[in-house]
Amino acid sequence: EADIYQTPRYLVIGTGKKITLECSQTMGHDKMYWYQQDPGMELHLIHYSYGVNSTEKGDLSSESTVSRIRTEHFPLTLESARPSHTSQYLCASSPRTANSPLHFGNGTRLTVT
Amino acid sequence: DQQVKQNSPSLSVQEGRISILNCDYTNSMFDYFLWYKKYPAEGPTFLISISSIKDKNEDGRFTVFLNKSAKHLSLHIVPSQPGDSAVYFCAASVGGGSNYKLTFGKGTLLTVNP
């Protein structure tokens, strides 16, 4: 019953390629986030947005970029993929209401060879 | 420097017994805490939360306890069921709803044996 969708679920790509990870939500949430997680490790916030045309970098430095042109869409782009970018990328959203939990998508597992 | 620590990577319990998952934090500014559950190949799912003005919050089989002086919280699951087998993440934030950037622990893998 996911209301937040991430595509692709799995991606294997060669070094130097440009990739875009898609994230869309149908809940009308203002806030959206990208987290990165390696196996057995914590989730790290890499980007977030509080609304259209608002994007901020998170706590973990990332070479990726994001855009927020529409409320429901928050894509993440890597201009030139490297093996160090291999990880799971999780998109999340939340409403403006105080203390509302984040809703996560099912993630994209990226492997750069 | 980890601000949210889950020191037990895994926990195994028998069906019907209590599961206790622990979480410690170092940032005294954290004022809102959450637990998420994650099944393999899925995103984390929100389970239960607690504000720093409370010391206990209960939702069905799940109870979260907060000890601010010890900077410690725990999640109790009673009774445990095989479907509870998953990775449980503790998370915390500063400023609750207005600044919703969560800091996560590394997770604890709970296995409930039938």
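Lettering of chains follows the sequences in order, A, B, ..., and the numbering in each one begins at 1. Because the structure is a prediction, the values reported are computed rather than measured.
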Part of [X] within contact of chain B (heavy atom distance under 4.5 Å):
X: A:Q6; answer: neither
X: A:L90; answer: side chain
X: A:R9; answer: side chain

Checklist entry - So which heavy atom on B:N22 is nearest to which on B:S74, and how close? => result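 Minimum heavy-atom separation between B:N22 and B:S74: OD1-CB, 3.5 Å.
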Next on the checklist: Are more than 12 heavy atoms, taken from residues, nucleotides or ligands other than B:M29, located less than 6.0 Å from that residue's CE atom?
Outcome noted: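 Result for CE/B:M29: open.
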Checklist entry - Are the side chain of B:S85 and the backbone of B:V112 linked by a donor-acceptor contact shorter than 3.5 Å? => result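 Judged by distance alone, yes, a pair lies under 3.5 Å.
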Checklist entry - Under a 4.5 Å side-chain heavy-atom rule over Ile, Leu, Val, Met, Phe, Trp and Tyr, are B:F62 and B:I20 clustered together? => result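 Different hydrophobic clusters.
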Item to check | Linked, directly or transitively: A:Y10 and A:L76 (ILVMFWY side chains, under 4.5 Å) | outcome: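 Different clusters: A:Y10 never reaches A:L76 through Ile, Leu, Val, Met, Phe, Trp or Tyr contacts under 4.5 Å.
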Checklist entry - What part of B:A91 gets closer than 4.5 Å to chain A, counting heavy atoms only: side chain, backbone, both or neither? => result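 For B:A91, no heavy atom lies under 4.5 Å from chain A.
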Item to check | Contacting moiety of B:Q2, where chain A heavy atoms sit under 4.5 Å | outcome: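 Just its side chain gets close to chain A.
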Next on the checklist: Please identify, among B:S49, B:A41, B:P9, the residue contributing the most non-hydrogen atom pairs under 4.5 Å to chain A.
Outcome noted: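 Looking at each option in turn, the highest pair count goes to B:A41.
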